[in-house]
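As the structure lists them, so they are numbered: ligands from 1, and atoms in each ligand from 1. Note that the structure is predicted; figures quoted are calculated from it, not measured.
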Amino acid sequence: MQRFLASKEVSHPQVAIIGLPYDATATFRRGARFAPAAIRWASWSIESYSPVLNRDLENLCLQDFGDVELPDPPEEMIESVMQTMHALPEGCLPLLLGGEHTITLGAVRALARRYPRLAVLNLDAHLDMRDRYEGKSLSHATVMRRLAEELPGSLVQLGVRSGVPEEFEAARRLCLWSSPYLFLPPSIYEMLRERPIYLTVDIDVLDPAYAPGTGNPEPEGLSAHELLRFLRHLQSLHVVGMDVVEVSPPYDPSGMTAVLAAKIAREAILCFVPHLSC
Ligand SMILES: [Mn+2]
């Protein structure tokens, strides 16, 4: 049986899997650089078939492009991620395996050139909307602030339950929508349906009971079922890129967080690949 993150060469990949083993700006507990390997390994423990969606990865052309070697300075890392994105074959859906959340900025900058009306749907426990953190303007604690400034009115954040007052103020000013719940008002959902979407899943949006292996665990999170059910409800969105970030294998002794990340990746691929032709 083909495992969905197993490397193979295909002529016209529908999905490009790319590992971004980067955690140089992590503020609390590093380890996300080990996540791409852990998620690939964990993918062998789940089936390629989704009974809920009644779709199978075996019917898709996936290509794993391996890991990108990334420099430590975040500006250079982001440039490198952008170059990687630009080099992908036309028409395939990139699925990035972080790495810390800062990698998302490189992917979004690259895709925003191709899709000027790109909107970003971020599922995350943290706002990551500080202007600066420990004197730095670019880190996984500021990444969504930079993104929201570059794409005003284009960022939707769901599941957020942690941040300082400055961040909540910035979110009200710069985000299209920001909520602690997995809820999109109908008007926001209709707006998203009209735009190309980049979906980013920070594993810490889940409750630490389900995803303990992450750098900054935050209680009162979602269950695995709530998150997967929500993703399946978004099938009509035109997703043009996605990532799963902030899995930290050194804090994942059971390996369960990596397995859950692999399942999220599988379900997201099976949900969104048919919509690439939109
Ligand atoms: Mn987070």
Between S154 and Y198, is a side chain to side chain donor-acceptor pair (under 3.5 Å) present by the stated rule, with each step listed? CA-CA 10 Å; S154 302; Y198 185 86; over 6 Å; no
Non-neighbouring partners of R232 that pass side chain to side chain donor-acceptor pair (under 3.5 Å), sequence neighbours left out: E267
Which atom name does H126 have for its N/O/S atom nearest to the Mn ion (ligand 1)? ND1
Could you tell me whether any N, O or S atom belonging to E218 is less than 2.8 Å from the Mn ion (ligand 1)? no
Residue D124 atom name (nearest to the Mn ion (ligand 1); N/O/S): OD1
Establish, from distance only, whether the side-chain atoms of D124 and H101 form a donor-acceptor pair under 3.5 Å. yes
Taking salt bridge (Lys or Arg N to Asp or Glu O under 4.0 Å) as the test, write out the residues that go with E166, two or more places apart. R145
Can you give me the closest heavy-atom contact between R195 and G153, atom names plus distance? NH1-O, 3.5 Å
If you check every N/O/S atom of D202, which is the one nearest the Mn ion (ligand 1)? OD2
The Mn ion (ligand 1) contact by D204, N, O or S atom under 2.8 Å: yes
